[in-house]
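Residues take their numbers from the sequence shown, with the count starting at 1. Predicted, not measured: the structure shown is a model, and the values here were computed from it. Values below: all heavy atoms of this structure, side chains included; hydrogens, waters and symmetry mates excluded.
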Amino acid sequence: MSILILAFVFVISLAIVTTKGNRRLLLLLCGLFFTYDCVRVCRSPDISAYTTMILCFLLSLWKHGELKANWKTYPLRWVTIAISIVVFLVGLLDNRLNFVSSFSRPFKDICESYLCFFIGYASIKSLSDWEKSQEYLWNIFTFVGIWGLITFVLQNNPWYDYVTSMYGNEVGIWSEVQTRGYRVSSFLSNPIVYGFVVGVILINRTVEKIKGVYWAVALLFVANIVLSNSRTSYAAVAIAFVIMYVLRYRFSVKATLAMFVLFGLSTVAYFNIEPFKNMIDLMSDLVLTGGANAGGSTTELKELQWVASMYYYVQAPWFGNGLAYFGEVIMEGGGGMSEDLAGMEGYVYKLLIEYGGVMIAAVLAFWSRTLWMYARYKKVNAPLSIVSISIVLSFLFFICATGTYGSVFVYTSIILGMNLKCLQTLSKESKHTPA
């Protein structure tokens, strides 16, 4: 069966190279959302299916003469170059790696993180392209959401178990870590990430009015968010919605009425829908006890992780201890403050331990520039600008609270890149100079 999965990746990758426009984007999205991120195209962990498809997308841009033009207009190119240089320096200065790995590992890291912003940006040429991209995401996640409901009924995800078992000695972690109740992840590898990504796609759709049958799909998405059974994804999605409503409506009568209606529906759902009750209980437990009764990360653990991260940070403050240092050295060797780090749930901890202070400065510059760009385009299309800002802020909360596991960077960055290109295109078409 692994041969069939590799054949699927090969066919998708080849098709991406040879096509362009909306069809190329659809192929990439199908490849990413229907191929678990654990799939590798060879024995090396530095050459994953995701990196291969992203590289093929770049090759397609170059083949069709689109790479240079897109890169030239890409407003985040200089901060992306800065981050890429820093990551490669982290790899080159890591004496644990051989010559090939010192390049291949940073290359994979960049491809599956900040470069995805450019991938999303380069996939859009017009407002029509952006609208089609949203239809693609909506249709893809309709199938993904249906499979999510089926796995909840089964209380098992046989496809996830089968695929992950081919790339390890046992099935994936989420087949065994279900002490809180079954957690839906569908075709994604992590239920925490799954709940958040479904929320991002739903929020992005609110730029346009949801009509007719799409309301049923929206309810399907909401059900899958609830069934992901993750406090972090609940909180991140809620943060995005609150920011979006405050920025769009402030404290208008419409917003106030919507809040009352939402509160009323939530109260009814709490006493009648068990998964929703579990969601509220998880959130309230986080506030009342720091998460002590729900399992998983607690506020006390976060404090220990922060202290432990600083302990490893001072050992290599400029360029960090190296990529994958946590998994390959701290977890494998133990000792020091490894136990206090637990699973190192948080992007800040990863930056401190593995990347160092120079990377932290570059990352702050990237996200500051990103938020500024979206804010500049508010007069061009306020709903899309506001939605993008809300997604960025909720994403930063998410990765700081949980980390960048489960390819959340890939999925979210591509969507945000699409939004940025759409806003830029609208600005040019309307001959409006951003504020």
**Prompt:** Does any N or O in the side chain of Arg376 come within less than 3.5 Å of the main-chain N or O of Leu371, such that one atom is a donor and the other an acceptor?
**Reply:** no
**Request:** For Phe99 and Phe103, run ring pair (Phe, Tyr, Trp, His ring centres under 6.0 Å): C-alpha distance rounded to whole Å, both residues' side-chain angles, the deciding distance at 0.1 Å, then the answer.
**Result:** CA-CA 7 Å; Phe99 180 77; Phe103 286 95; 5.2 Å; yes
**Item:** Nearest atoms (heavy-atom pairs only) where Val408 meets Gly403
**Value:** CG1-O, 4.1 Å
**Prompt:** Between the side chain of Ser368 and the main-chain N/O of Ala365, is any donor-acceptor distance below 3.5 Å?
**Reply:** no
**Request:** Sort and list the pairs that fulfil salt bridge (charged side-chain N to carboxylate O under 4.0 Å, His left out) and have at least one residue in residues 130-153, not counting sequence neighbours.
**Result:** Glu135-Arg205
**Request:** May I ask you to check if Arg24 and Phe57 form a cation-pi contact, with NZ or CZ under 6.0 angstrom from the six-membered ring centre and within 45° of the axis?
**Result:** yes
**Message:** Counting neighbours of CZ on Arg23 that are heavy atoms of other residues, nucleotides or ligands and sit closer than 6.0 Å, is the number greater than 12?
**Reply:** no
**Message:** Nearest 0.5 Å, please: how far is CG in Leu351 from CG in Leu364?
**Reply:** 8.5 Å
**Prompt:** Does Ile386 offer a backbone N or O that forms a donor-acceptor pair with the side chain of Arg248 under 3.5 Å?
**Reply:** no
**Sole candidate of Phe196, Tyr405, Tyr234, Phe409 that passes ring-ring contact (aromatic ring centres under 6.0 Å, His included) when paired with Phe398** = Phe196
**Prompt:** Do Phe118 and Leu61 have side-chain heavy atoms sitting under 4.5 Å apart?
**Reply:** yes
**Item:** Closest heavy-atom pair and its distance - Thr51, Lys108
**Value:** OG1-CG, 3.4 Å
**Asked** Is it true that Tyr114 and Phe366 have ring centroids separated by less than 6.0 Å?
**Response** yes
**Item:** Euclidean distance, Tyr349 OH relative to Cys400 SG, rounded to 0.5 Å
**Value:** 9.0 Å
**Message:** Taking ring-ring contact (aromatic ring centres under 6.0 Å, His included) as the definition, give me every residue that meets it alongside Tyr121, ordered by chain and number, with sequence neighbours left out.
**Reply:** Tyr74
**Request:** Show your working on side chain to side chain contact (heavy atoms under 4.5 Å, CB included) between Cys422 and Leu127 and close with a plain yes or no.
**Result:** CA-CA 6 Å; Cys422 181; Leu127 176 61; 3.8 Å; yes
**Item:** Heavy-atom pair of closest approach, residues Arg96 and Gly322
**Value:** NH2-C, 3.8 Å
**Prompt:** Under 3.5 Å, side chain of Glu354 to main-chain N/O of Tyr325, donor-acceptor pair present?
**Reply:** yes
**Asked** Does some side-chain heavy atom of Asp94 sit less than 4.5 Å from a side-chain heavy atom of Ser102?
**Response** no
**Separation between CG of Leu29 and OG of Ser133, rounded to the nearest 0.5 Å** = 8.0 Å
**Test side chain to side chain contact (heavy atoms under 4.5 Å, CB included) applied to Phe117 and Thr370, step by step** = CA-CA 10 Å; Phe117 223 105; Thr370 300; 3.7 Å; yes
**Item:** By ring-ring contact (aromatic ring centres under 6.0 Å, His included) - contacts of Phe33 (at least two apart)
**Value:** Phe141, Tyr411
**Asked** Would you say the side-chain atoms of Thr425 and Ser126 include a donor-acceptor pair closer than 3.5 Å?
**Response** no
Identify all side-chain donor-acceptor contacts of residues 10-19 below 3.5 Å with residues at least two apart in sequence or on another chain.
{"from": "Ser13", "atom 1": "OG", "to": "Val9", "atom 2": "O", "distance (Å)": "2.7"}
{"from": "Thr18", "atom 1": "OG1", "to": "Leu14", "atom 2": "O", "distance (Å)": "3.1"}
{"from": "Thr18", "atom 1": "OG1", "to": "Ala15", "atom 2": "O", "distance (Å)": "3.2"}
{"from": "Thr19", "atom 1": "OG1", "to": "Ala15", "atom 2": "O", "distance (Å)": "2.7"}

**Request:** Looking only at non-hydrogen atoms, find the nearest pair between Ile225 and Gly195 and report the distance.
**Result:** CG1-O, 3.6 Å
**Item:** Residues that Trp130 engages under side-chain hydrogen bond (donor to acceptor under 3.5 Å, both in side chains), provided they are two or more places apart
**Value:** Asn419
**Message:** Could you tell me if the side chain of Met359 sits less than 4.5 Å from the side chain of Leu89, heavy atoms only?
**Reply:** no
**Prompt:** For the residue pair Tyr160 and Trp147, is the inter-centroid distance of their aromatic rings smaller than 6.0 Å?
**Reply:** no
**Message:** Could you tell me if the side chain of Leu58 sits less than 4.5 Å from the side chain of Leu115, heavy atoms only?
**Reply:** yes
**Asked** Side-chain contact, heavy-atom cut-off 4.5 Å: Pro191 with Val184?
**Response** no
**Asked** With side chains defined as the heavy atoms from C-beta onward, is the minimum distance between Phe221 and Ile201 less than 4.5 Å?
**Response** yes
**Prompt:** Does NZ or CZ of Arg369 come closer than 6.0 Å to the centre of the six-membered ring of Trp367, within 45° of the ring's axis?
**Reply:** no
**Prompt:** Do Thr151 side-chain atoms and Ser186 backbone N/O form a donor-acceptor pair below 3.5 Å?
**Reply:** no
**Request:** For the residue pair Val222 and Val198, establish whether any side-chain heavy-atom pair is separated by less than 4.5 Å.
**Result:** no
**Request:** Start with the C-alpha gap between Glu66 and Lys20, add the side-chain angles, then the distance that decides, and say whether salt bridge (charged side-chain N to carboxylate O under 4.0 Å, His left out) holds.
**Result:** CA-CA 9 Å; Glu66 302 171 73; Lys20 59 182 180 178; 6.0 Å; no
**Asked** Can any side-chain N or O of Ser385 pair as donor or acceptor with the backbone N or O of Tyr374 at less than 3.5 Å?
**Response** yes
**Request:** Check step by step if side chain to side chain contact (heavy atoms under 4.5 Å, CB included) holds for Asp161 and Ser165.
**Result:** CA-CA 6 Å; Asp161 290 347; Ser165 67; over 6 Å; no
**Distance-minimising heavy-atom pair for Pro75 and Met373** = CB-CE, 3.6 Å
**Prompt:** Do any N or O atoms from the side chain of Lys421 and from the backbone of Ile124 form a donor-acceptor pair under 3.5 angstrom?
**Reply:** yes
**Prompt:** Quick one: CZ on Phe395 to CD1 on Ile415, what's the gap to the nearest 0.5 Å?
**Reply:** 10.5 Å
**Message:** Testing the basics here: between Gly406 and Val193, what is the closest heavy-atom pair and its distance to 0.1 Å?
**Reply:** O-CG1, 3.6 Å
**Message:** Before you tell me yes or no, could you show the steps for Asp37 and Ser407 under side chain to side chain donor-acceptor pair (under 3.5 Å), namely the whole-Å CA-CA distance, both residues' side-chain angles and the distance that decides it to 0.1 Å?
**Reply:** CA-CA 7 Å; Asp37 56 5; Ser407 297; 2.8 Å; yes
**Message:** Check whether Thr206 reaches the backbone of Leu202 with its side chain - one donor and one acceptor, N or O, closer than 3.5 Å.
**Reply:** no
**Request:** Go through the structure and list residues passing ring-ring contact (aromatic ring centres under 6.0 Å, His included) with Tyr347, not counting sequence neighbours.
**Result:** none
**Prompt:** Does Asn321 use its side chain to pair, donor to acceptor, with the backbone of Ile353 at less than 3.5 Å?
**Reply:** yes
**Message:** Determine whether a donor-acceptor pair (N or O, by modelled atom type, separation under 3.5 Å) exists between the side chain of Tyr50 and the backbone of Thr35.
**Reply:** yes
**Spacing of Ser388 atom OG and Met418 atom CE [to the nearest 0.5 Å]** = 12.0 Å
**Prompt:** Any side-chain heavy-atom pair from Pro106 and Val90 closer than 4.5 angstrom?
**Reply:** no
**Message:** As a quick check of understanding, evaluate side chain to side chain contact (heavy atoms under 4.5 Å, CB included) for Asp129 and Lys125, giving each step before the final call.
**Reply:** CA-CA 6 Å; Asp129 283 349; Lys125 289 185 178 180; 3.1 Å; yes
**Prompt:** Tyr194 and Asn224: side-chain donor and acceptor closer than 3.5 Å?
**Reply:** yes
**Flag for Ser48-Glu112: side-chain donor and acceptor within less than 3.5 Å** = yes
**Prompt:** Any side-chain donor paired with an acceptor under 3.5 Å for Asn98 and Ser101?
**Reply:** yes
